[in-house]
Enquirer: 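Below are the structure tokens for one structure; questions will follow.
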Protein chains: 4
Amino acid sequence: MLNAADDLLVEQGFAATTIEGIATRAGVAKQTIYRWWKSKVDILLDALADDAREALAWAEPAGTPSEDLTAHLHRVGAFFGEPAGQVFQALLGHAQLDKDTAVALREGFLLEQRERDAAGLGALVERHVGEAPDRETVDRLVDLLLGPVHYRILVLGGPVDDALVEATARAVLEEAAG
Amino acid sequence: MLNAADDLLVEQGFAATTIEGIATRAGVAKQTIYRWWKSKVDILLDALADDAREALAWAEPAGTPSEDLTAHLHRVGAFFGEPAGQVFQALLGHAQLDKDTAVALREGFLLEQRERDAAGLGALVERHVGEAPDRETVDRLVDLLLGPVHYRILVLGGPVDDALVEATARAVLEEAAG
Amino acid sequence: MLNAADDLLVEQGFAATTIEGIATRAGVAKQTIYRWWKSKVDILLDALADDAREALAWAEPAGTPSEDLTAHLHRVGAFFGEPAGQVFQALLGHAQLDKDTAVALREGFLLEQRERDAAGLGALVERHVGEAPDRETVDRLVDLLLGPVHYRILVLGGPVDDALVEATARAVLEEAAG
Amino acid sequence: MLNAADDLLVEQGFAATTIEGIATRAGVAKQTIYRWWKSKVDILLDALADDAREALAWAEPAGTPSEDLTAHLHRVGAFFGEPAGQVFQALLGHAQLDKDTAVALREGFLLEQRERDAAGLGALVERHVGEAPDRETVDRLVDLLLGPVHYRILVLGGPVDDALVEATARAVLEEAAG
DNA sequence: GCCTAATCGAGACGGTACGTCATGTCTTTAG
DNA sequence: CTAAAGACATGACGTACCGTCTCGATTAGGC
């Protein structure tokens with residue numbers, strides 16, 4: 001069922017991903033879907049949870065902090081090209097239109113992801129400057145880090161290029177070094 | 001008609017803003033709407049164009065570059081609380097779900113706005129470092145500048161706070177200074 | 001649309017006559033049906049009104065009162081074999097299960113039909129005994145006349161035979177003669 | 001379970017008497033019901049069999065044949081106001097809509113009842129005219145006797161009044177006396 | 001000042017998807 | 001080993017909008 005939803009979204013887009021369509025595709029009755037989820041958003045959230053956790057995870061240190069940071073940003077940029085990333089993008093889009101979706105997405109995914117990002121970036125900054133930044137600082141740094149890439153993709157709809165990634169990484173490390 | 005669309009969107013949200021609803025509210029026949037616009041997205045784009053141009057304009061220099069930059073960012077953050085900002089947010093959201101909307105929004109609004117932002121930030125950077133940056137650099141700086149605020153609002157759904165604005169402005173000016 | 005309903009009822013029976021089926025058969029959208037009727041019972045009532053009026057009409061005198069009476073009873077018996085009669089039978093059946101149907105059938109058809117029957121039988125009795133019976137008496141005579149045939153068909157499900165028709169006619173005329 | 005079905009039918013009507021509802025009301029699993037009956041009609045038939053047999057029984061002679069006949073007709077009329085009578089009416093109604101129900105009702109109840117009616121009326125006629133009528137005649141008399149009352153109740157939905165009952169009884173006895 | 005023609009409101013139409021209900025079959029769980 | 005609980009595929013329900021399509025009625029503007 002989650003696969004059917006995923007596939008339909010990637011193939012046909014969010015609007016054409018109807019509950020009836022998912023049911024048909026999955027060879028399942030509509031009622032069965034309603035038994036487990038209350039909307040297609042709910043289904044996609046479930047589909048997202050597994051995939052995205054992994055795709056947006058912070059890798060183990062493999063080079064200098066700067067290198068690791070740019071690598072992570074590139075991974076984030078690439079994520080939006082994958083199926084799970086398209087689901088994420090669709091849910092983000094729908095969250096702008098519907099408060100319930102916004103809340104569900106926040107609580108079902110974004111808050112956790114924020115924690116992972118804070119932990120990942122916090123550790124990286126500690127490696128860089130020698131001491132762990134406090135939580136408020138880390139939060140701010142996460143926004144500085146992820147904002148430009150998301151802006152490029154979600155608002156401008158453009159690809160993420162090296163120059164932006166490097167400038168962003170540089171800005172974050174400088175700000176962290178204070 | 002544009003007012004009816006605007007009002008409905010602010011009062012009821014994007015999904016409940018139907019063409020039938022706009023027609024009823026405006027005391028107009030559905031067909032009359034279809035004569036001028038091909039979808040509700042088109043109507044909202046029209047409604048957005050006027051309002052947002054002004055609300056997101058760059059003000060004349062009024063203080064140090066740093067002060068002007070933080071002031072502009074605060075204005076951007078506040079914009080999303082206004083009716084026009086909600087229309088913008090809805091269109092941005094829908095653009096994630098629908099390619100046609102993405103194209104229309106880009107061509108009908110975002111590209112122009114990008115020009116205004118590049119011009120505004122370019123001039124400010126020139127004031128700050130004494131010479132005008134080239135276009136590629138300005139583009140990168142615009143992403144660095146606007147990304148974090150948009151990320152906070154669109155992805156996290158949270159308010160924009162002073163610390164983030166200041167850190168962002170600082171990062172942009174340092175990056176501009178090289 | 002009425003034809004589609006009629007046809008389906010005769011071919012498939014009452015339960016299989018669904019609004020979706022009628023819509024499909026008539027090449028029409030479901031909503032169009034709901035615009036004009038609020039249920040399939042309503043549609044069938046409309047379909048009945050035209051056809052049955054004529055089929056259950058009292059013919060002009062053509063023989064002795066007794067002959068005319070048996071002829072009419074035979075016509076009533078035959079009516080249930082025709083499409084309109086099957087619609088009537090189905091509506092009568094459903095009226096036993098649903099108060100709204102009972103009321104609608106009564107007001108949309110039976111009361112009128114009762115008037116026609118009272119007028120027809122009243123005139124016949126007047127021919128037979130020389131004076132017009134009062135309304136209460138006619139009503140009672142109508143029940144005596146139509147009861148046995150309906151009982152045979154609706155309760156026993158059997159055909160109407162000559163002996164019953166003749167006995168009924170005889171009983172009615174004797175009762176009328178006092 | 002039979003009680004649950006009965007109660008639901010009287011309280012909520014035939015359509016609202018669902019197998020799910022009966023199961024819930026009886027604190028039983030749907031499957032358990034399907035083990036014993038193949039439809040709600042089957043359940044109601046079972047529920048009917050006991051009650052109606054008694055309610056529609058012919059009483060011992062207690063007065064003149066005419067008095068006994070009107071008394072029986074009144075009892076028949078009153079029966080439709082009782083719970084068992086409502087079940088009978090519902091089954092009769094459904095039998096008009098569904099051939100299987102018609103057959104089941106006939107074989108499960110009506111044929112037996114017909115025998116009882118023929119025996120009861122036959123005996124009464126014998127008391128009245130001194131000799132036992134043959135079976136064909138009795139059948140015809142039963143139709144003459146029960147038709148008007150059923151017509152009043154099932155078709156017109158009205159109450160049975162004294163005048164009708166007396167006229168019917170008179171007509172039957174005269175026809176029997178021939 | 002009249003008359004064509006464009007434009008408007010109203011709303012019917014064929015569709016698609018919605019979310020709900022009951023069906024009859026089936027599997028799982030607990031006594 | 002039975003029976004409760006309830007998941008499942010199916011299919012109709014009645015509703016909401018979609019975008020297209022006639023309809024008059026009402027304005028204009030060109031004669």
Side-chain angles (χ1 to χ4, degrees), chain A residues 1 4 8 12-43, chain B residues 1 4 8 12 14-43 98, chain C residues 1 4 8 12-43, chain D residues 1 8 12-43 98:
Chain A
M1 242 119 106
L8 275 177
Q12 323 246 31
F14 183 83
T17 302
T18 65
I19 292 212
E20 303 218 305
I22 296 170
T24 301
R25 173 90 157 224
V28 135
K30 245 196 316 179
Q31 183 57 39
T32 302
I33 292 184
Y34 281 107
R35 218 190 309 280
W36 296 99
W37 298 278
K38 66 184 229 302
S39 67
K40 71 175 169 181
V41 166
D42 243 52
I43 304 177
Chain B
M1 243 120 105
L8 276 177
Q12 323 245 30
F14 183 83
T17 301
T18 66
I19 292 211
E20 303 223 342
I22 296 171
T24 301
R25 173 90 156 221
V28 137
K30 253 199 306 182
Q31 184 57 39
T32 303
I33 292 182
Y34 280 107
R35 222 188 304 280
W36 297 95
W37 298 277
K38 67 185 229 302
S39 67
K40 71 174 169 182
V41 166
D42 242 53
I43 304 177
D98 178 73
Chain C
M1 243 120 106
L8 277 176
Q12 323 244 31
F14 183 83
T17 301
T18 65
I19 292 213
E20 301 218 306
I22 296 170
T24 301
R25 173 89 155 224
V28 135
K30 242 196 318 179
Q31 182 56 38
T32 300
I33 292 183
Y34 281 108
R35 220 190 307 281
W36 297 98
W37 298 278
K38 67 184 230 303
S39 68
K40 70 174 168 181
V41 166
D42 243 54
I43 304 177
Chain D
M1 242 119 103
L8 276 177
Q12 323 245 30
F14 182 83
T17 302
T18 65
I19 292 211
E20 303 224 341
I22 296 171
T24 302
R25 171 93 155 221
V28 136
K30 251 196 314 180
Q31 185 58 35
T32 304
I33 292 183
Y34 280 108
R35 219 186 307 281
W36 296 95
W37 298 278
K38 67 185 231 300
S39 67
K40 70 174 169 181
V41 166
D42 244 54
I43 304 177
D98 179 74

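Throughout, a chain's letter reflects where its sequence line sits, starting with A, and its residues are numbered from 1. This one's a predicted model, so the numbers in the text were calculated from it and none came from an experiment.
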Enquirer: Identify the two heavy atoms, one from D/Ala23 and one from D/Ala29, that lie closest to each other, and give their separation to 0.1 Å.
Expert: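 Minimum heavy-atom separation between D/Ala23 and D/Ala29: CB-C, 4.2 Å.
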Enquirer: 5' to 3' on DNA chain E, which nucleotides open and close the contacts with chain B (atom under 4.0 Å from a heavy atom)?
Expert: E/dC8 to E/dA10
Enquirer: Any heavy-atom pair between the side chains of B/Met1 and B/Ile33 that's under 4.5 Å?
Expert: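 SC-SC contact between B/Ile33 and B/Met1 confirmed.
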Enquirer: Could you measure the distance from the CD atom of C/Gln31 to the CD1 atom of C/Ile19? Nearest 0.5 Å is fine.
Expert: 10.5 Å
Enquirer: Using only atom types and a distance under 3.5 Å, with no angle test, would you say the side chain of D/Lys40 pairs donor to acceptor with the backbone of D/Ile22?
Expert: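 Judged by distance alone, no pair lies under 3.5 Å.
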Enquirer: Report the residues that fulfil side chain to side chain donor-acceptor pair (under 3.5 Å) with D/Asp42, sequence neighbours left out, ordered by chain and then residue number.
Expert: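 If we apply the side chain to side chain donor-acceptor pair (under 3.5 Å) test to D/Asp42, skipping adjacent residues, there are no hits.
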Enquirer: Could you tell me the separation between the CZ atom of A/Arg25 and the OG1 atom of A/Thr18, rounded to the nearest 0.5 Å?
Expert: 11.5 Å
Enquirer: Name all pairs fulfilling the salt bridge (Lys or Arg N to Asp or Glu O under 4.0 Å) condition that reach into residues 28-39 of chain A, sequence neighbours left out, sorted by first residue then second.
Expert: A/Glu20-A/Lys30
Enquirer: Are the side chains of C/Phe14 and C/Leu8 in touch, meaning some heavy atoms are under 4.5 Å apart?
Expert: no
Enquirer: To the nearest 0.5 Å, what is the distance between CH2 on A/Trp36 and OG1 on A/Thr32?
Expert: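 Reported to 0.5 Å precision, the distance equals 9.5 Å.
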Enquirer: On DNA chain E, nearest-nucleotide positions of D/Gly21 versus A/Glu20: which is more 5'?
Expert: A/Glu20
Enquirer: Under a 4.0 Å heavy-atom cut-off, which of residues 26-42 of chain C touch DNA chain F?
Expert: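 Going residue by residue through residues 26-42 of chain C, the ones with a heavy atom under 4.0 Å of DNA chain F turn out to be C/Lys30, C/Gln31, C/Tyr34.
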Enquirer: Considering only heavy atoms of chain B and a distance under 4.0 Å, specify the first and last nucleotide of DNA chain F in 5' to 3' order that meet this criterion.
Expert: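 On DNA chain F, the outermost contacted nucleotides are F/dC17 to F/dC21.
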